[in-house]
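As the structure is a prediction and not an experimental result, all values here were calculated from the model.
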Amino acid sequence: MGLSLLTIALWLTHSSFIKEISSCNITLAAKTNLVDLGSSVFLTCQVCPSTTFTNFYHNNSKIAEYKLGQISVQSLSLYTLTYDAEAEKFNLTLKNYTHSSDGNYSCSIPFTTNISSLTLEHSVPVTFVTLTPATPTISVLQDVATSVIKCISSEGRPTPAITWYLDKNTPSDDTNDVNITATSSSETTGDVTTSTLTITATVEDQGSSIYCKASNGYGHIISNVRLNINVLVFPSRPIILHKSVIIGENISVILNRTVSLECNSSGNPRPNISWLLSTGYVINNTFIELKWEKRVNTDMITCTATSALQPTFGTTLTRSNTTDLWITILYSPSPPTCSIGDKLITANTIRAIKNEPMNMNCTSKSNPPPTSYLWTLPGGIKQDGQQLTIQRVLLEGPYTLDVNNVMNSTLLPQVITGHANIIFTLDILFPVAVHSIENKTVLKNQALSVTCLYTLGNPPETTFTWIHVNTSRVVGRQQSLALPNIQTTDEGFYKCRVNNTMTPTGCCALPAYDETIFYVDVQYAVDITRFYASGFEHSQIITVNENETVILYCDSEGDPLPSMLLINNTRGENDLLSGKYYNTISAYIPHARCEYDIGIYQCRANNTHNKVQQVHRDLLPLCHRHLKFGRKLTVV
């Protein structure tokens, strides 16, 4: 098909300018690419100098053109086109923008690649924003980041922007709300903006609420709900109080006095309080009353605060916090415990030996330890110290020991004086005392009875021992000694020994005794055992030569010593040759004479227990030189 002459002419005219504009770019521009529905939009197309042809397209459909100074528009109800030759630009107006107006717009030089385009879309105001999770309150852990809170906008163009706010418990006043958008992140899909808030809540955020605002240039849309924040807080370290006063971690209490204690811990949810006693017993209560009844110096109890933290998103966490309370238990002195040596005293009566020293040591347990030990002795005498010292045991008592300490309690009453005492009496031990026994005189073959008198000792249990000292022979073990048929061999010293056994406290048994010595004199009537002359021991008649010397002997036995006489009975009983108190007497007859010394000689002996006993001997001095023996014995 052949071209018309006009077309060819136009083509030749237009082509003559191609070289001029090939180095010039045209530009299509709009004030905004988003257009409100019903509004007009102004597009400008900046062209090159001496432009004679320009086409305008909407979504590849021509809507207007410029040819050699002539403008044509496809629909004057939708578009207008003007050309500003001085500015070298076209002004395209889109009237009453509708949804169908969206799309690609371009201006171009025909038969060239010089083209400029842009896209217009109608604007969509955001109409709502949804806050999730859809719950009135969200529970989160303190100081733990959480990223589960989201705000999702409605579709909007321009792209909706979401802003986050924290309302500090003033829902009716937004002026003090805190913008927390900095901790959020957003993404847009299909003109819908989703913003995720990362929040690390603190205790100060408890009770606050979170909300968001969405905007794309058409005002602000506030989220449909507000999300209240419940900050889950681990239990704080418990504090312990007494009568609403914090007492710290160490207290001093008095034994057997009731103490009320309170344990508090902060946290969300409110922690459960329990007490662990040293016995292992658990008390589930904030308030407790305790009384320490054992005399131990220290104890420890533990207050535990426990919470189960259940975040809205996550697993339940159980957390505990504890405080140990150390208790110093104050108690007054215990009844003193006393000992003598290493022997513990178990009674209040102490056995002690008279006139002997005694030392007793006492101790008492208390917390704090005793400050004083004070003894009060008979007569009001005072003695300080744990040890009682008695130089000589003389008085039974009483002996009183007072022990004191001072207790400083944390709780009222704060200062208390503790006291304990013990009273002792002495059971004074002393040995038995024997009375003296006079010497005894008893006749042979008679009975002897002697009683050993004594003064009781302490203890009064007494034993007796009678000893014949001369032979060391024990002759009796009763208080009275009885010898029924006494003999001379029984004569001598006798000892009465009386024993009692003293067992002082803290010592072993100590035998004690007293004794007395007396003499038993066994007496008997005199008995002349021999009467003889020297050389004539076995003769009754003594015959000697004249002028010979004769010695006469007379032996006797008797107690007491007899009175003995040797007399010449021929010359008369008063002719005393010899006499004295002794068991043997002798007479010396020098140069015996017939006329003078011849005769009957008599030995006489007696004592208090018999009459005179006489023994005769005949003495015949011879006047011749021979011996004559004879014997004659007369006993009177």
Looking at Thr322, Asp324, Thr323, which one forms a side chain to side chain donor-acceptor pair (under 3.5 Å) with Thr302?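 With Thr302 as partner, Thr322, Asp324, Thr323 yield a single side chain to side chain donor-acceptor pair (under 3.5 Å), made by Asp324.
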Nearest 0.5 angstrom please: [X] [atom1] to [Y] [atom2], how far?
X: Ser586; Y: Ile551; atom1: OG; atom2: CD1; value: 7.5 Å
X: Ser252; Y: Leu330; atom1: OG; atom2: CG; value: 5.0 Å
X: Gln523; Y: Thr441; atom1: CD; atom2: OG1; value: 5.0 Å
X: Asn256; Y: Arg295; atom1: CG; atom2: CZ; value: 9.0 Å
X: Leu276; Y: Ile283; atom1: CG; atom2: CD1; value: 9.5 Å
X: Cys362; Y: Tyr373; atom1: SG; atom2: OH; value: 8.5 Å

Of all the heavy-atom pairs spanning Ala533 and Val550, show the shortest one and how long it is.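 It is CB-CG1, 4.0 Å.
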If every non-hydrogen atom of Asp490 is compared with every non-hydrogen atom of Arg473, which pair is closest and at what distance?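 Scanning both residues completely, I find the closest heavy atoms to be OD1-NH2, 3.9 Å.
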For the residue pair Tyr454 and Phe464, is the inter-centroid distance of their aromatic rings smaller than 6.0 Å?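 Centroid separation for Tyr454 and Phe464: below 6.0 Å.
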Do the two ring centres, one from Tyr399 and one from Phe424, sit under 6.0 Å apart?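 Ring centres of Phe424 and Tyr399 not closer than 6.0 Å.
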Classify the ring geometry between Phe518 and Trp466 as parallel (under 30°), tilted (30 to 60°) or perpendicular (over 60°).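 Plane angle over 60°, so perpendicular.
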Parallel, tilted or perpendicular, judged at 30° and 60°: which one describes the rings of Tyr494 and His468?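 The rings of Tyr494 and His468 lie parallel, inter-plane angle below 30°.
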List in chain and number order the residues that pass side-chain contact (heavy atoms from CB on, under 4.5 Å) with Ser436, two or more places apart in sequence or in another chain; answer none if no residue qualifies.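 Counting only residues at least two positions away or on another chain, Ser436 forms a side-chain contact (heavy atoms from CB on, under 4.5 Å) with Thr516.
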Return yes when atom [atom1] of [X] has more than 12 non-hydrogen atoms of other residues, nucleotides or ligands closer than 6.0 Å, and no otherwise.
X: Lys354; atom1: NZ; value: no
X: Gln478; atom1: CD; value: no
X: Arg270; atom1: CZ; value: no
X: Lys382; atom1: NZ; value: yes

Evaluate the side chain to side chain contact (heavy atoms under 4.5 Å, CB included) criterion for residues Met407 and Ile254: first the C-alpha distance (whole Å), next the side-chain angles of each, then the deciding distance (0.1 Å), finally the verdict. CA-CA 8 Å; Met407 297 174 285; Ile254 304 297; 4.0 Å; yes
Going by the side chain to side chain contact (heavy atoms under 4.5 Å, CB included) test, name the single residue among [options] that passes it with [X].
X: Leu261; options: Ile247, Ile327, Leu241; result: Ile247
X: Lys440; options: Leu483, Asp521, Leu448; result: Leu448
X: Asn405; options: Ser372, Ser366, Pro369; result: Ser366

Should Glu249 and Arg237 count as an ion pair when the cut-off is N to O under 4.0 Å?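 Yes, Glu249 and Arg237 are salt-bridged.
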Please lay out, stage by stage, how Tyr331 and Asn297 fare under the test side-chain hydrogen bond (donor to acceptor under 3.5 Å, both in side chains). CA-CA 8 Å; Tyr331 49 89; Asn297 286 2; 2.6 Å; yes
Under 3.5 Å donor-acceptor, Gln414 side chain and Asn408 backbone: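 Pair absent, no side-chain N/O of Gln414 close to backbone of Asn408.
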Measure from the side-chain N and O atoms of Asn500 to the backbone N and O of Gly457, and report whether any donor-acceptor pair falls under 3.5 Å.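 Absent.
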Lys365 vs Ser334, test: side chain to side chain contact (heavy atoms under 4.5 Å, CB included). Steps then yes/no. CA-CA 5 Å; Lys365 183 180 179 182; Ser334 61; 3.8 Å; yes
Could you check whether any side-chain heavy atom of Thr400 comes within less than 4.5 Å of a side-chain heavy atom of Asn421, counting everything from C-beta outward?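 Yes, their side chains come closer than 4.5 Å.
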Sequence-distant partners of Arg351, salt bridge (Lys or Arg N to Asp or Glu O under 4.0 Å), two or more places apart: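 Per chain and number, Arg351 pairs via salt bridge (Lys or Arg N to Asp or Glu O under 4.0 Å) with no residue.
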When you check the side-chain N and O atoms of Asn284 and Asn272, is any donor under 3.5 Å from an acceptor?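 No, no side-chain donor-acceptor pair sits under 3.5 Å.
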If you apply the rule side-chain hydrogen bond (donor to acceptor under 3.5 Å, both in side chains), what do you find for Ser332 with His419, and how did you get there? CA-CA 6 Å; Ser332 59; His419 174 260; over 6 Å; no
